Asker: 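Before anything else, here's the structure in question.
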Amino acid sequence: MTNNAFLPANILLPSGIDMTKWSVVACDQFTSERSYWDRVTETVGASPSTLKLIVPEAYLDETDPVASAVKIGETMDTYLQQGLFQSLDSSYVYIERTVSDGQVRRGLVGMIDLDAYDYTPGADSLVRASEKTIVTRLPARVETRRKAPLELPHIMALINDAEFTVIEPLTEISDRLEAVYDFELMENGGRVRGWRVTGEDATALTARLSALTGTVGVQMVIGDGNHSLAAAKNLWDELKPSLTVAERDVHPARFALAELNNIYDTSIGFEPIHRLITGVDAAELLAALDQRFDSGDGTAYTLQTVSAAGVGRLTAKASDVGSFIAALQSFLDDYAAEHGASIDYIHGDASLLTLGAQPDAVGLLMPSLDKSDFFATVIQGGVFPKKSFSIGSARDKRYYLECRAIRPNII
C-alpha cells in the first residue's frame, strides 16, 4: 500500500440550475427542529436539489427506509438522464467556505480509498475513525448506497498539518485555477467558492499529502460522517469478492468522496454535541445523574443542565473527556431504555437551551473537546464515544454539493 489514501476523483457538479436551492446542509443537523427542514423544503420547491437525494434525520420517524432508498435512487437516475451534471475528471475541488463567525475554512474535495480505511478501534490503517462505530446503524445506510448510482458526501476528514503544506498553498494559486462555483448557501450557511485542481497542480498536491504521512502511520482521521464512510466500506467489502483484481483497482465503489481539512486551520473548531432527553420526569433524571456522578477520580468536568425548572450544574470526574462522555452516554442509554425515554443529539447551545426547557425534558450541555488531543488519541488506538463532538456549529457543517458515480459506466 502507498502512503496516500486521498486521490483526485471524477467529480460531478450540476450545471444551469440555482445552486443555492441545490445545496442543503448535512442530514444529521437540526434533528429536533422540523421547522428548519420545513423551510428548506419550501425554499427548494420543485427545483433540482440534494434535499431530494437524502433523508433528513428530523423525518426518520415517519420515513420507510426501504421506500426512501428506492425513491432516492430513482431521483438520481432521473437527474442523470436529464444531463444535469458536468464531470470534472481526475480532479480535486479546492473550497473556501465562509462560516458563521466570518472566518474562511479551506478544504479539498477528493476521494478516499476504502481499502486504506478501517473503523475498528486500534486499527493500523492510513484512514481511521474518530468515534466508535455503531454497527447497528450501518445496514440501512448500506442499503441506501446499494440502490444509489451516485454518492454525495457530508464526510469531513482531517489531516495533521501544522506547517500548512497541503491545502493552504492552493490559496496562492486560486486566481489561475478554474472557478467551478461561487454562491450563497441557504439558511444563513455562509458562502462557498470552489476551484478545480487538476493536471500538474493535482499531482503536486497529492505528493505533498503523501509526504505529510511520514512515519506516523495515519494520514487522516474522519471528523464528520464516520457512519456514512463505514457504510461505504461495508458495501465495498461485500462487492470485492465478486470482482477480479483488475476490476477492484478501478471500481468506483472502492472509493468515497469526502472533504479534507487541516485540523490546524483556525476556522476548524470542535463543537460539543449536546444531549436532549425527552419523555422523562426531569427532577427524577437530574437526581439520578447527581447520584451516579457524585464521586470519582481524575479531572473534573462540569455540565450545564437545562429543564423546565431552570438551569443547573453537574460535576463529574474522569481520566479524560472521552472517558467522561462514554460513562455519561452509557448511563443515559440505560436510563432511557429503562424509563422509555428518547435521546437526541443537538448541535448549538441556543437550540439545546430552548429544547431542554420543554416539559418532560432535560438538556445537557456537553464539555468541549481540545482539538490538540484529537490525533494523539487516535494514533494511540483510541476512539471517541459516539456523538462526542462536531466540526463547527450546525450551520457551518458541510452542505451537500458535489457528487460522484459509485457504479461503473454511469457518466
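When a residue number appears, it is its place in the shown sequence, counting from 1. As the structure is a prediction and not an experimental result, all values here were calculated from the model.
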Asker: Partners of E74 by salt bridge (Lys or Arg N to Asp or Glu O under 4.0 Å), sequence neighbours excluded?
Answerer: none

Asker: Is the CG atom of D64 crowded by more than 12 outside heavy atoms at less than 6.0 Å?
Answerer: yes

Asker: For a 4.5 angstrom cut-off between non-hydrogen side-chain atoms, does L353 reach L365?
Answerer: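 L353 vs L365: side chains touch.
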
Asker: How close do I54 and C27 get, heavy atom to heavy atom, and via which atoms?
Answerer: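 Smallest heavy-atom distance, with atoms named: CD1-CB, 4.0 Å.
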
Asker: Tell me which pairs pass side-chain hydrogen bond (donor to acceptor under 3.5 Å, both in side chains) where either residue lies in residues 395-406, with sequence neighbours left out.
Answerer: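 Checked against side-chain hydrogen bond (donor to acceptor under 3.5 Å, both in side chains) - neighbours excluded - the pairs reaching residues 395-406 are S100-D396, E151-R404, H154-Y400, Y181-E402, D224-K397, E259-R398, S390-K397, S393-D396, R398-E402.
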
Asker: Looking at every non-hydrogen atom in both residues, tell me the closest pair between Y117 and I222 and how far apart they are.
Answerer: CE1-CG1, 4.3 Å

Asker: Name all residues meeting the salt bridge (Lys or Arg N to Asp or Glu O under 4.0 Å) criterion together with D265; count only those two or more places apart in sequence or in a different chain, and write none if there are none.
Answerer: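 Result, salt bridge (Lys or Arg N to Asp or Glu O under 4.0 Å) vs D265: none returned.
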
Asker: For R141, is there an ion pair with E57 - N to carboxylate O distance below 4.0 angstrom?
Answerer: yes

Asker: Please enumerate all residues that pass ring-ring contact (aromatic ring centres under 6.0 Å, His included) together with H251, with sequence neighbours excluded.
Answerer: W236

Asker: For K71, I'd like to know if atom NZ has over 12 heavy atoms of other residues, nucleotides or ligands within 6.0 Å.
Answerer: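 Atom NZ in K71 is not crowded, with 12 or fewer foreign heavy atoms closer than 6.0 Å.
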
Asker: First locate atom CG of N234, then atom CG of L138, and finally report the distance between them rounded to the nearest 0.5 Å.
Answerer: 5.5 Å

Asker: Could you measure the distance from the CE atom of M220 to the CG atom of L260? Nearest 0.5 Å is fine.
Answerer: 5.5 Å

Asker: Could you tell me which non-hydrogen atom of A394 sits nearest to which non-hydrogen atom of H347, and how far apart they are?
Answerer: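 A394 and H347 have their closest heavy atoms at CB-CB, 3.8 Å.
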
Asker: Would you name the heavy atoms of L126 and N4 that are closest together and state the gap between them?
Answerer: CD1-N, 3.9 Å

Asker: Any sub-3.5 Å donor-acceptor pair from R275's side-chain atoms to I273's backbone N or O?
Answerer: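 Present.
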
Asker: Looking at L239, is its backbone amide N or carbonyl O close enough to the side chain of S242 to form a donor-acceptor pair, meaning the two atoms are under 3.5 Å apart?
Answerer: yes

Asker: Is it true that atom CG of D249 has more than 12 heavy atoms of other residues, nucleotides or ligands lying nearer than 6.0 Å?
Answerer: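 It does: D249 CG has more than 12 such atoms within range.
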
Asker: Could you pull out the closest heavy-atom pair between F85 and P14, with the gap in Å?
Answerer: CD2-N, 3.8 Å

Asker: Rounded to the nearest 0.5 Å, what separation is found between the SG atom of C403 and the CD1 atom of I11?
Answerer: 10.5 Å

Asker: How many angstroms lie between OG in S49 and CD1 in I17, if you round to the nearest 0.5 Å?
Answerer: 8.0 Å

Asker: Apply side-chain hydrogen bond (donor to acceptor under 3.5 Å, both in side chains) to D344 and T31, showing your working.
Answerer: CA-CA 8 Å; D344 200 358; T31 54; 3.1 Å; yes

Asker: Salt-bridged, D115 to R248, with N to O below 4.0 Å?
Answerer: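 Salt bridge: no.
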
Asker: Quick one, T41 with Y36, criterion side-chain contact (heavy atoms from CB on, under 4.5 Å). Give me CA distance, side-chain angles, the key distance, then yes/no.
Answerer: CA-CA 9 Å; T41 300; Y36 176 93; over 6 Å; no

Asker: Would you find a donor on one side and an acceptor on the other, under 3.5 Å apart, between the side chain of R191 and the backbone of V99?
Answerer: no

Asker: When rounded to the nearest 0.5 angstrom, what is the spacing between CG in L314 and CG in L286?
Answerer: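 Taking CG in L314 and CG in L286, the distance rounds to 8.5 Å.
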
Asker: To check you understand the geometry: which heavy-atom pair defines the closest contact between A405 and P252, and what is its length?
Answerer: O-CB, 3.4 Å

Asker: Any heavy-atom pair between the side chains of T171 and F164 that's under 4.5 Å?
Answerer: no

Asker: Tell me which pairs pass side-chain hydrogen bond (donor to acceptor under 3.5 Å, both in side chains) where either residue lies in residues 192-205, with sequence neighbours left out.
Answerer: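 Sorted pair list: S91-R196, E96-R193, R176-D201.
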
Asker: Does any part of the side chain of V280, heavy atoms only, come nearer than 4.5 Å to the side chain of D360, both counted from C-beta?
Answerer: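 Result no, sub-4.5 Å side-chain heavy-atom pair not found.
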
Asker: Return yes when atom NZ of K52 has more than 12 non-hydrogen atoms of other residues, nucleotides or ligands closer than 6.0 Å, and no otherwise.
Answerer: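 For K52, atom NZ is crowded (more than 12 foreign heavy atoms under 6.0 Å).
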
Asker: For residues 77-88, pull every pair meeting side-chain hydrogen bond (donor to acceptor under 3.5 Å, both in side chains), keeping only residues two or more places apart or in separate chains.
Answerer: S87-D89

Asker: Side chains of F293 and T315: does their closest heavy-atom pair fall under 4.5 Å?
Answerer: no

Asker: Aromatic rings F374 and F389: how do their planes relate, parallel, tilted or perpendicular, breaks at 30° and 60°?
Answerer: perpendicular

Asker: Any chance you could lay out the side-chain hydrogen bond (donor to acceptor under 3.5 Å, both in side chains) test for S68 and Y59, step after step, and finish with the verdict?
Answerer: CA-CA 11 Å; S68 66; Y59 297 149; over 6 Å; no

Asker: Is the number of heavy atoms from other residues, nucleotides or ligands under 6.0 Å of K387 NZ greater than 12?
Answerer: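 Result for NZ/K387: enclosed.
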
Asker: Can you find a heavy atom in the side chain of T302 that is under 4.5 Å from one in the side chain of P367?
Answerer: no

